[in-house]
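Every heavy atom of this structure was used, including side-chain atoms; hydrogens, water molecules and symmetry mates were not.
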There are 2 protein chains.
Amino acid sequence: MSPRPRTRIQQKNSEAILDAALDVFSRHGFRGATLDQIATTAGLSKPNLLYYFPSKKAIHVALLSALMDNWLQPLRDLDPEAADPVAELLGYVRRKLEMSRDMPRESRLFANEILQGAPRMGPALESELAGLVADKARVIEGWAAEGRIAPVHPKHLIFSIWALTQHYADFDSQVRAVLGPGEPDPYPEAAVYLDTLFTRLLAR
Amino acid sequence: MSPRPRTRIQQKNSEAILDAALDVFSRHGFRGATLDQIATTAGLSKPNLLYYFPSKKAIHVALLSALMDNWLQPLRDLDPEAADPVAELLGYVRRKLEMSRDMPRESRLFANEILQGAPRMGPALESELAGLVADKARVIEGWAAEGRIAPVHPKHLIFSIWALTQHYADFDSQVRAVLGPGEPDPYPEAAVYLDTLFTRLLAR
DNA sequence: GTCTATAAAATGATAGAC
DNA sequence: GTCTATCATTTTATAGAC
């Protein structure tokens, strides 16, 4: 839905718009975001912004679909042939936590969309996401059946990994308020805690 | 900020407005919500709605502050003198999951506010919430020091309980999309899963 | 208390000059 | 490609009749 960037300046402006839109949509959701805010953040006028994208909705869709692939890559990479299934799952947790740390706006963009009932991503969730999770749930179930990890509900295990890692991005302001100003970066401690949690849950 | 309800009809309308506002704010966040939507949902005209509350902001503040108390009650109730600390913490998890099941709109209202950086609740988080968590974290630390629960970072333990239980309310549409139409109610399975998870994490 | 009418500002989007 | 000017709607809020 966005014009394919051809010149260098188009490339640069398209990226600036998408970056600004990520800022605004991730904080305020689709309806709470305004083109004015996005244009100002991107350093462009509103009509110029609408020269690159035909509508507010088009920007939102461009962001969501560009993100979906990257967001699910760590789960796709979960290796059914892994020598150590517990370590493989701990690695997945670590990668997801790193994504929360390094891409908090992307996490909040998704969170906003899901909170609102997934009006735009609904179909993608029911097909692509549900299919991938079903696939990996079978892998996890196999590991449990072979006694290589402790028995556990595979889909709820995946939910718990998402919930725990994304919490540090989505609820960042609450986490920092609770930890107080003495502890500026919660991620190192979170990494240790989550490693402990999933080790105790999964190790035989 | 809301007029104290005196007559029966004022009582009824105030409640209808707050209930409708909870619907709309919890889905769309503060800026994404409109008075039109709230008024229509409440079955009132827009000017009539503004007879009861002076502004959109006043409705939002009324909801948030009325909710804060109820929301934290289970954590306040965590008993330092409990005979069985693991069971006490599992009971807290169960109560929080029941709140997600029975009050999903309230959970999403908070989630939206935190996602947006807690513009209205920020001070309450830094004082009331941070104080309560610090208090209960000392209790949990004491239990661990006495060897009555496994050693664990107390504040991240609390974060993980919030993240895991609220996930089922806040990300309901994703959970249902992933589980598919065959499993209409995820809560019974979630209760079993979370009980297992925290037992393995905390039991000695 | 509730309504119609309306003001005042904001917001998404377009026209057209340069 | 980018801008100023502007339009059409939506949105928050008020005025004033009943």
Within 45° of the ring axis of Phe30(B) and under 6.0 Å from its six-membered ring centre, is that where the NZ or CZ of Lys57(B) lies?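 Relative to the ring axis of Phe30(B), which defines the angle, Lys57(B) lies outside at least one limit.
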
Under 4.0 Å between a side-chain nitrogen and a carboxylate oxygen: does that hold for Asp172(B) and Arg108(B)? no

Does a salt bridge link Arg95(B) with Glu88(B), judged by any charged N lying under 4.0 Å from a carboxylate O?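 A salt bridge is absent here (no side-chain N lies under 4.0 Å from a carboxylate O).
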
How about [X] and [Y]: does a side-chain donor come under 3.5 Å of a side-chain acceptor?
X: Ser107(B); Y: Asp170(B); answer: yes
X: Asp69(B); Y: Gln73(B); answer: no
X: Glu189(B); Y: His156(A); answer: yes

Non-neighbouring partners of Asp84(A) that pass salt bridge (Lys or Arg N to Asp or Glu O under 4.0 Å), sequence neighbours left out: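 Per chain and number, Asp84(A) pairs via salt bridge (Lys or Arg N to Asp or Glu O under 4.0 Å) with no residue.
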
At under 4.0 Å between heavy atoms, what does Leu44(B) touch on the DNA or RNA strands: base, sugar-phosphate, or nothing?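 Nothing, no heavy atom under 4.0 Å.
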
For the student: nearest non-hydrogen atoms of Leu125(A) and Met68(A), plus distance: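 Minimum heavy-atom separation between Leu125(A) and Met68(A): CD2-CE, 4.5 Å.
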
On a heavy-atom basis, the closest approach of Leu75(B) and Tyr92(B) is N-CE1, 3.5 Å

Restricting both atoms to N or O, compile the protein contacts to nucleotides 7-10 of chain D shorter than 3.5 Å, with distance only.
none

Contact between [X] and [Y] at the side-chain level, heavy atoms closer than 4.5 Å - yes or no?
X: Pro186(A); Y: Arg176(A); answer: yes
X: Ile114(A); Y: Met121(A); answer: yes
X: Leu78(B); Y: Leu89(B); answer: yes

Considering only nitrogen or oxygen atoms on both sides, find all protein atoms under 3.5 Å from nucleotides 13-15 of chain D and state each distance.
residue: dA13(D); atom: OP2; partner: Lys56(B); partner atom: N; Å: 2.8

With five pairs defining each end axis, the helix from dG1(C)-dC18(D) to dC18(C)-dG1(D) comes out bent, to 10°, by 0°

Could you list where the contact with chain B starts and ends along DNA chain C, reading 5' to 3', using a 4.0 Å heavy-atom cut-off? dG1(C) to dA5(C)

Phe53(A) and His60(A) aromatic centres sub-6.0 Å: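 That pair fails the under 6.0 Å test.
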
Near-ring test Phe159(B)/His153(B), centroid separation under 6.0 angstrom: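 When the ring centroids of His153(B) and Phe159(B) are compared, they turn out to be at least 6.0 Å apart.
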
Any residue in residues 18-33 of chain B with a heavy atom nearer than 4.0 angstrom to DNA chain C? Just list them by number, or reply none.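 Here the set is empty: none.
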
Arg76(A) and Glu128(A): CA distance, side-chain angles, deciding distance, salt bridge (Lys or Arg N to Asp or Glu O under 4.0 Å) verdict: CA-CA 11 Å; Arg76(A) 277 197 209 90; Glu128(A) 195 181 344; 3.3 Å; yes

